[in-house]
Amino acid sequence: KTFPITEVLTIKRGDFHSLTALGAGDNITVSRVTSDNGVVGHYEKPDDASIYPRWAITVSTVGGDAFVQIENFIATDNILICLPAKPLQVTTLFFIAMMLNLQKWRYSYGRQCYKNKFSEVTLPLPVKGNKELDEAYMKSVVENTTYWSVIQEAMK
């Protein structure tokens, strides 16, 4: 079934722009990079920034790359933070991130993935007969990926 993304996830935008204004710190910091899960380093948290919970999905506004964060983090304003609209299994979040990455061809530096545009994305997700998300199926897909054991280790 195809779901409007806003039915599955609540979308927020990161809190600050410039990394150069921040000192080194303890907070995992996510920005628009396409590698290392979007993590650009560890910085001090700006006063008005939030610390987002692990298992949020982050999406770069520049390239549309989606990552599931495995630790609490802070985020630049080049990031969309996607939190589950209702409780979801961790494996479901990884499946959703995969489905978002299949759509990242839509975005580039000249055609950025801003919150309003991203809010119109639809997600094709497996459902049970009653049209609810089939989290058992998504779990079986995710748990059979090559590096799932690394994520399991992080969950401990």
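The first residue of the sequence shown is numbered 1, and numbering continues consecutively from there. It should be emphasised that the depicted structure is a prediction, and the values quoted were computed from it without experimental measurement.
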*Asks:* For the pair Lys139 (side chain) and Glu143 (backbone), establish whether a donor and an acceptor sit closer than 3.5 Å, ignoring hydrogens and angles.
*Replies:* no
*Asks:* Tell me if the NZ atom of Lys45 is crowded by more than 12 foreign heavy atoms within 6.0 Å.
*Replies:* yes
*Asks:* Does Asn27 reach the main-chain N or O of Tyr43 with its side chain, forming a donor-acceptor pair under 3.5 Å?
*Replies:* yes
*Asks:* Spell out, as yes or no, whether a donor-acceptor pair under 3.5 Å connects the side chain of Asn101 to the backbone of Asp65.
*Replies:* no
*Asks:* Quick one: do the Asp77 and His17 side chains pair a donor with an acceptor below 3.5 Å?
*Replies:* yes
*Asks:* Out of curiosity, Met138 CE to Thr91 OG1, how far, rounded to the nearest 0.5 Å?
*Replies:* 8.0 Å
*Asks:* When you compare the side chain of Ile81 with that of Phe73, does any pair of heavy atoms fall below 4.5 Å?
*Replies:* yes
*Asks:* In Å, rounded to the nearest 0.5 Å, how long is the span from NZ of Lys86 to OG1 of Thr10?
*Replies:* 12.5 Å
*Asks:* A side-chain contact here means heavy atoms from C-beta on lying under 4.5 Å apart; do Ile74 and Pro46 qualify?
*Replies:* yes
*Asks:* Hey, is the main chain of Ala56 close enough, under 3.5 Å, to the side chain of Gln69 for a donor-acceptor pair?
*Replies:* no
*Asks:* Side chains of Ile70 and Ile151: does their closest heavy-atom pair fall under 4.5 Å?
*Replies:* yes
*Asks:* May I ask you to decide if Val68's main-chain N or O and Asn37's side chain share a donor-acceptor pair within less than 3.5 Å?
*Replies:* yes
*Asks:* Check whether any side-chain heavy atom of Asp47 lies under 4.5 Å from a side-chain heavy atom of Phe16, and answer yes or no.
*Replies:* no
*Asks:* Quick check: does any side chain N or O of Asp134 sit under 3.5 Å from a backbone N or O of Tyr137, one acting as donor and the other as acceptor?
*Replies:* yes
*Asks:* Can you get from Phe118 to Val33 by hopping between Ile, Leu, Val, Met, Phe, Trp and Tyr side chains that sit under 4.5 Å apart?
*Replies:* no
*Asks:* Measure the CG-CD distance between Leu123 and Glu7 for me, rounded to the nearest 0.5 Å.
*Replies:* 10.0 Å
*Asks:* So if you build clusters from Ile, Leu, Val, Met, Phe, Trp, Tyr with side-chain heavy-atom gaps below 4.5 Å, do Leu83 and Leu93 land together?
*Replies:* no
*Asks:* Using modelled atom types only, decide if a donor and an acceptor are shared between the side chain of Gln103 and the backbone of Thr122 within a distance under 3.5 Å.
*Replies:* yes
*Asks:* How about Ser60 and Phe67: do any of their side-chain heavy atoms sit closer than 4.5 Å?
*Replies:* no
*Asks:* What do the steps show when you test Leu125 against Ile96 for side chain to side chain contact (heavy atoms under 4.5 Å, CB included), and what is the final call?
*Replies:* CA-CA 8 Å; Leu125 299 171; Ile96 291 170; 4.1 Å; yes
*Asks:* Contact between Thr58 and Leu80 at the side-chain level, heavy atoms closer than 4.5 Å - yes or no?
*Replies:* no
